[in-house]
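Inspection log for the structure reproduced underneath, given as structure tokens.
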2 protein chains.
Amino acid sequence: MTTIGIVLSGCGVKDGSEIHEAVLTILYLEQQGAKMIFMAPDIEQDQVVNHLTGKKTGETRNVLIESARIARGNIRDIRKVKASEMDGMILPGGFGAVCNLSDFSAAGKKAKVNPDVKQLIRDMVSLKKPVGALCIAPATLVAAICEKKPSITIGHDLTVAKTLEEMGGVHRNCSVDEICVDESNRLVTTPAYMLGPGIKDIAVGIEKLVKKILSMVNS
Amino acid sequence: MTTIGIVLSGCGVKDGSEIHEAVLTILYLEQQGAKMIFMAPDIEQDQVVNHLTGKKTGETRNVLIESARIARGNIRDIRKVKASEMDGMILPGGFGAVCNLSDFSAAGKKAKVNPDVKQLIRDMVSLKKPVGALCIAPATLVAAICEKKPSITIGHDLTVAKTLEEMGGVHRNCSVDEICVDESNRLVTTPAYMLGPGIKDIAVGIEKLVKKILSMVNS
């Protein structure tokens, strides 16, 4: 059975994993018969945002514990997950992907990736195992493997795309119902809620991403 | 355009709305062309549970603010939503449906429903507008309209079913890929994660529930 790792970054679009993107990824993987390993870093969140007002609350919450809400409790500290356990890996989006998994949201082109997240991404890419990323998560992917000149998409936001190119990435414009494939690095990305506008729109690209990752596992 | 209310109860299976159930409800409603009004009570959660350990944390969190994570910020205080604004309404499951929307989890057959939630459910049923409920949420539905002898399902848990019958409900066993329809009260229920086991399994019953609610709106 194919095993895909899901890297979560909290629970909520404004300070963690984007919930709809994560759940659709899980849905399509299970519908395709894949097994999943949920994981997240066991660290404090960069921030906690009141999703009703959009304002920071000043609370502290733990990325692994909040991610467990999406995973229904079945989740591991990413530090303890090895690339050898997985056939592929997917990073859903949400602001947490660039403020908890890396500091791209604050540092831009000087972004540093959480060491455990970085190591696992680099191990997967070295082993030629496919890695997918949704929404803004490709920014963390680029920061982790910039010397490999990864081809990715975050939709068609010119400012973000320029920053990703300055980091070493190759940005390709892409619509929400499509995927961007880097055959050489075995990466698959889709804009999801970078474009939206709705869940039915992002669902199309996410289902394509999941199917492409699984087809890469078997080729 | 058909407008369906989504009644949330927090964000996480163990102390709020079950995330997968809520997101699948949203997905299928949007795919069918429905507009949604997200709502939740503006009250403190009954409890906050660490979803990694399953233990209560002693924190306080607000049901409306946490529900906003699932709704991506677009959510209203249920007290300010009127039945006249909606064509139908759906309550996803999760423990929050019976510890925040009502106290069924603690009080069993003596359960009381949050007054604003109760009023809205009763208004919808009086107006013959369809109401759906997933997983354990039918328990709150029964508590709100027990004198109408609502026919519902929570799967086939004998103990819970017996309690619901003692409250005035009529329980029907149902598999996860099916729905229970009360044509007289215009209620639709499905077991979802009361049975599971996986997201692909609950998705089948939830999609049927959504389609049935929308067909009732138009008949």
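Below, each value reflects all heavy atoms present in this structure, side chains not excepted, and no hydrogens, waters or symmetry copies. Every chain is numbered from 1, with letters handed out A, B, ... down the list of sequences.
For the set B/His51, B/Lys14, B/Glu59, B/Gln31, the count of heavy-atom pairs under 4.5 angstrom toward chain A peaks at B/His51. Among the candidates B/Asn50, B/Thr57, B/Val13, B/Thr53, the residue making the largest number of heavy-atom pairs closer than 4.5 Å to chain A is B/Asn50.
Interface residue A/Leu24: only side-chain heavy atoms are found under 4.5 Å from chain B.
Within residues 202-214 of chain B, the residues that have a heavy atom under 4.5 Å from a heavy atom of chain A are B/Ala203, listed by number.
Going from atom CG of A/Leu52 over to atom CD1 of B/Ile75 covers 7.5 Å, rounded to the nearest 0.5 Å. Rounded to the nearest 0.5 Å, atoms CD1 (B/Ile19) and CD1 (A/Ile26) are 9.0 Å apart. Between the CG atom in A/Leu29 and the CD1 atom in B/Ile199 there is a gap of 10.0 Å [rounded to 0.5 Å].
Proximity of A/Glu30 to B/Asp201: side-chain heavy atoms (C-beta onward) are separated by under 4.5 Å at one or more points.
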Which donor-acceptor pairs under 3.5 Å do the side chains of residues 62-73 of chain B make with protein atoms, sequence neighbours left out?
residue : atom : partner : partner atom : Å
B/Asn62 : OD1  : B/Leu64 : N            : 2.8
B/Asn62 : OD1  : B/Ile65 : N            : 3.0
B/Asn62 : ND2  : B/Asp42 : OD1          : 2.9
B/Glu66 : OE1  : A/Arg61 : NH1          : 3.2
B/Glu66 : OE1  : B/Arg69 : NE           : 3.1
B/Glu66 : OE2  : A/Arg61 : NH2          : 2.9
B/Ser67 : OG   : B/Gly10 : N            : 2.8
B/Ser67 : OG   : B/Val63 : O            : 2.7
B/Arg69 : NH1  : A/Cys11 : O            : 2.9
B/Arg69 : NH1  : A/Asp15 : OD1          : 2.8
B/Arg69 : NH1  : A/Asp15 : OD2          : 3.4
B/Arg69 : NH2  : A/Asp15 : OD2          : 3.1
B/Arg69 : NH2  : A/Val49 : O            : 3.3
B/Arg72 : NH1  : A/Glu18 : OE2          : 2.9

